[in-house]
Amino acid sequence: MPEDTTTTTATAETEATGSDFITRAIEEDLKTGRYDRVHTRFPPEPNGYLHIGHAKAIYIDYGMAVAFGGKFNLRFDDTNPAKEEQEYIDGIIKDIAWLGADWEDRLFFASDYFEQLYEWAVQLIKAGKAYVDHLSADEIREHRGTLTEPGRNSPYRDRPVEENLDLFERMKNGEFAEGECVLRAKIDMAAPNINLRDPVMYRILHDEHPRTGDQWCIYPMYDWAHGQSDSIEGITHSLCTLEYEHHRPLYDWFIEQLGVYAPRQIEFAPFILSYTVLSKRRLIKLVNEGHVSGWDDPRMPTLAGMRRRGYTPEAIHTLMDLVGVSKANSVVDIALLEHCIRQDLNKRAERRMAVLRPLRVVIENYPEGQVEEVEAVNNPEDESAGMRKVPFSRVLYIEQEDFMENPPKKFYRLAPGREVRLRYGYFITCTGVVKDAQGNIVELRCTYDPETRGGYAPDGRKVKATLHWVSAAHAVQAEVREYDYLFTHEDPNVLQEGENFMKYLNPNSLQVVKPCYVEPSLAGAEPGSRYQFERLGYYCVDPDSSRDRPVFNRTATLRDTWAKVQQAQ
RNA sequence: UGGGGAGUCGCCAAGUGGUCAAGGCACGGGUCUUUGGAACCUGUAUACGUAGGUUCGAAUCCUACCUCCCCAGCCA
């Protein structure tokens, strides 16, 4: 009984990961026989780039299909040519593929169904369930009523079927200007649910459509296209966010009037992240006004931006697993996102040494001109990553913040007279500080202990700190871009009258650091490759890199307990 | 004031009448350490919106109330 086996497996898997209300609803539908299979879809509108919030929807849609051995479609809801562009279609496809959701050969467009939708509209008109309205947009709004008052019928509401048919045909044939008339469903202008007050089904748009060109000048509204598109594709579970909850009665109404196959819509809470904005309108504003370099700016919560920043699909997936699925309004702490990427990259990113804010160190007793190749572990979390050689010589760079002339209590890095270890190198002791005319520290004089090669003291003596370093003569110059949250407030929506979210834009969200010195193995690093710079954080090679001048985006810092100690002091 | 949703620790989130108050993040201690990373151990004696009620027993059932979110595009 292969079928039973499949069902059992799917159930076991979903139970193993903890079941959410959607999983339970689907299990119920399968058990009662409402559906005998699972088929979901992700329905983006190609009017912008996908962001981390969409990733949640994709993981739920695709994840449910996988969990139940079902299918998953990608369908663009391209019903508004005024706002949609091919660039966005391409970008969205790339992002979803990157996330790992697989729609196989089922890439669809709502525009594929324009003809069918048109026929169905005619069917509704014939049934006396739709009419052409000549009220202006303003008048329609006026007639709609308010949240507490019922609306009023349009004077055109009871036109004879024949007249509606004729008018609708002429709408399709381009005989009317934009805004002159619309097709409306005839439901109930007094319905408490405003979506049922004779919603517009078609409006006239003399716009070139990315896919259908100038074939149509009437375009279906989302509410008219969406449910039927799901129906056409045989979707069993139309999973969407909470905001569509009160559209469900309308979708059900259309399906019922048409007498076609009915999917089941289930709504879940949207994904919201602290310290960021996710509304398309706002993201577009950030891009258009130049507050970021583009949709893929590494500070952006877009998938394109996060990819460039160095985030992995796996980390995003883990985040969604941890966040879970519910109907409660919630804001996810951005610290959880950071935790996910650190956890992932800790396991897989190779380590390298990079000095971002260099301080020159001369090892006085190290022979001039001598160069040694020391062995360094590529990834202590993954033995198979192997080893590499790093050149060591008399003049090195260390991090400025790894030295203090007058160290406070818990600072145990380098200081005058103190001995520390250079990772994989030697123990060194600071013997002198060289300053410029302004009193700035420009160079450290040190001695090394030749007995400590590799970083071990044969006499067993300990040092409290291990520093990363780079040989000055061998270092590759690099640029590092450090990012902070784009907003200074955890909820950029907390605004007074007349303010807007730009109030919280973080002026220091990008800091370019250069020249930095990185170990020679990083020359020519491939854009997109990720590394952990020891003791600093995770970095991803930016496409702006050139062979002799790599550019790194800081994906995330390492957890920094010293920073906390400092803050506490 | 119409309709639709939601309220469990600082943030997510399990729990669906009987070891009930999971788990993760964050935060605090500690062990270990050639990354002040990672890993490991450990802590946060009143976290179940409020008030009643049903019951031997309620976060879980009932009633009322409170708070928050969404809806009045020819956007999706």
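Just so we're on the same page: letters track the sequence lines, and every chain starts at 1.
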ask   = Do the side chain of Glu245(A) and the base of G3(B) come within less than 3.5 angstrom through a donor-acceptor pair of N or O atoms?
value = no

inquiry  = Mind checking if Pro249(A) touches a base, just sugar-phosphate, or nothing, with heavy atoms under 4.0 Å?
reply    = nothing

request  = Would you state whether a donor and an acceptor, one from the side chain of Arg24(A) and one from the base of U16(B), lie under 3.5 Å apart?
outcome  = yes

ask   = Looking at Lys327(A), does any N or O in its side chain come under 4.0 Å of the phosphate oxygens OP1/OP2 on G7(B)?
value = no

Phosphate-side-chain proximity, Arg203(A) and C75(B), N/O vs OP1/OP2 below 4.0 Å = yes

remark   = Ranking U1(B), A76(B), G3(B) by distance to the side chain of Asn193(A), first place goes to G3(B)

query = Taking only Watson-Crick and G-U wobble pairs with both distances under 3.5 Å, what dot-bracket line describes RNA chain B, where [ ] shows pairs that cross earlier ones and | shows pairs with another strand?
reply = .(((((((.[[[..)..(....]]].(((((.......))))).....[[[[[..)....]]]]])))))).....

task = Would you tell me if any nitrogen or oxygen in the side chain of Arg144(A) comes within less than 4.0 Å of OP1 or OP2 on G73(B)?
result = yes

ask   = G73(B) and C61(B): how far apart are their P atoms, nearest whole angstrom?
value = 37 Å

query = So does Arg351(A) get a side-chain nitrogen or oxygen closer than 4.0 Å to the phosphate oxygens (OP1/OP2) of G37(B)?
reply = no

remark   = Arg423(A) CZ to A38(B) C1', in whole Å, measures 11 Å

ask   = G37(B) C1' sits how many Å from Tyr538(A) OH, rounded?
value = 7 Å

Distance, rounded to the nearest Å, where Ile341(A) contributes CD1 and G37(B) contributes C1' = 15 Å

Arg535(A) side chain near U33(B) phosphate (N/O to OP1/OP2, under 4.0 Å) = no

inquiry  = Tell me the interatomic distance from Leu205(A), atom CG, to C75(B), atom C1', rounded to whole angstroms.
reply    = 11 Å

task = Could you measure between the two C1' atoms, the one in A58(B) and the one in C48(B), and give it in whole Å?
result = 11 Å

request  = State whether Arg342(A) places a side-chain N or O below 4.0 Å from either non-bridging phosphate oxygen (OP1 or OP2) of A38(B).
outcome  = no

ask   = With a non-hydrogen cut-off below 4.0 angstrom, is Glu534(A) in contact with a base, only sugar-phosphate, or nothing?
value = base

task = For Tyr219(A), report the nucleic acid contact type (base, sugar-phosphate, nothing); a contact means any heavy atom under 4.0 Å.
result = nothing

remark   = Here the distance between atom P of G3(B) and atom CD of Glu149(A), to the nearest Å, is 14 Å

Atom pairs under 3.5 Å: protein N/O with N/O of nucleotides 9-12 of chain B:
unit_1: C11(B); atom_1: O3'; unit_2: Val331(A); atom_2: O; d: 3.2
unit_1: C11(B); atom_1: O2'; unit_2: Val331(A); atom_2: O; d: 2.7
unit_1: C11(B); atom_1: O2'; unit_2: Asp333(A); atom_2: N; d: 3.4
unit_1: C12(B); atom_1: OP1; unit_2: Val331(A); atom_2: N; d: 2.9
unit_1: C12(B); atom_1: O5'; unit_2: Val331(A); atom_2: O; d: 3.2
unit_1: C12(B); atom_1: O2'; unit_2: Val323(A); atom_2: O; d: 3.0

ask   = Just how far, in rounded Å, is P of C27(B) from NE2 of His339(A)?
value = 11 Å

